Amino acid sequence: MKKEFKEKLSQLFEKYKKDFVELNEYIYRNPELGLKEFKACAAHTKLLEKYGFNITKNFVDLETAYKASFKNGNSEENKIKIAILAEYDALPVIGHGCGHNIFGTTSIATGILIKDIMTEQNISGEILVIGTPAEETNGAKVEMANKGVFNEIDIAMAVHPSGEAHYRSGESQAMEALQFTFKGKTAHASGAPHEGINALDGVLMLFNSINALRQQTLETARVHGVITKGGEAANVIPDLAVANFYVRAKTLSYLKELIEKVKNCAKGAALATGTKLEIINYETSFANLITNKKLSETYENNLKFLGVTDIRSKETCGSTDMGDVSHCCPTIHPYFPLTTKHLIGHSVEMASATIMPEAYKGMKEATLSMALTALEIFQNKNLLEEIKSEFINTKK
Ligand SMILES: [Zn+2]
Ligand SMILES: [Zn+2]
């Protein structure tokens, strides 16, 4: 049966490839920032509609989010829900340097292929493709997780593009986005410096304190920031200085601890400089990713079944809003190769690689492997039970 599916899925991918290439290249040429992905969202939903999905636009009240659903079988049978999550936001200046154009296209292709096999083979269940905007900034998946979207889903999968090889779903860091605003008082920097309160000094002392703190944190933690406002003229004591930071840690509990320490650095800087301090969350915080091992193993076995031999574990770590999904339902977030060469994320080279002919090899492998995994779960209740009991046990 599985062999038959593999061949059928491969034929379907080739049959629809023209549409997938067109979508991928269109989004590449029209990069849009988070929550502004109007063209991408319209193109995604148009294609999913063409292939027979029911579309909910404005999903969770977000203009550029959507839900596409296909149900097969009667209401008693189609209770298993599998979601493939799509991303399509770009980065400032470098466009699709994270490859979310091909990311989203892969998710759509997977949904379409699964739907065709479900129809043809009379397989019961519900397949969803969920369009999740703003992964690079506000992370719409967090909002969806908070609204309970993923609590009703049995499995969630998404595969991200990368370089060199396929990578297993691993861990990601929990992350908090903190903005520190120091307020002081202007004065002539030479004539009356003693009458000013230097807000920039607050920011500089914050950086210095964090540099010292970094030596005492766990190796897996990261604290990194930029100065977004630091004064206007050298002869005016700055009355306003702002720094944006990301604080990242492997677990939510350590993140909480670290955030307190970082905030204390800011409070100390404010006290030392006599400035007033405001701290806000300027972007959505992300939870860490918990990979469901059984689900990950099923996906990996399917990759091997397709003939893929180079499957690696990722050594570097970042943050993704897939983390929040993984706290609601069994989740995987592996990577597929655009090329056999090394690629750096968030680069122009990465963006260019997404539209090269060789990119579709890795994309096809990821698509077929996700499809085989979903079809296996729809048909094998024991496998689903095993995945779910692991999820419940990790949550304990
Ligand atoms: Zn990305
Ligand atoms: Zn990215």
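Remember, it's a predicted structure, so these values are computed and weren't measured experimentally. What you see below is based on every heavy atom in this structure, not just the backbone, and it leaves out hydrogens, waters and symmetry mates. Counting begins at 1 with the first residue of the sequence. As the structure lists them, so they are numbered: ligands from 1, and atoms in each ligand from 1.
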> How many N, O or S atoms of the protein are nearer than 2.8 Å to the Zn ion (ligand 1)?
3

> Sequence neighbours excluded, which residues qualify as ring pair (Phe, Tyr, Trp, His ring centres under 6.0 Å) partners of Y167?
none

> Please say which of Y66, F38, F53 ends up in a ring pair (Phe, Tyr, Trp, His ring centres under 6.0 Å) with H44.
Y66

> Who pairs with K147 by salt bridge (Lys or Arg N to Asp or Glu O under 4.0 Å), at least two apart in sequence or on another chain?
E143

> Taking ring pair (Phe, Tyr, Trp, His ring centres under 6.0 Å) as the definition, give me every residue that meets it alongside Y360, ordered by chain and number, with sequence neighbours left out.
none

> More than 12 heavy atoms of other residues, nucleotides or ligands under 6.0 Å from NZ of K36: is that the case?
no

> Salt bridge check, E49 against K46: does any charged N sit closer than 4.0 Å to a carboxylate O?
no

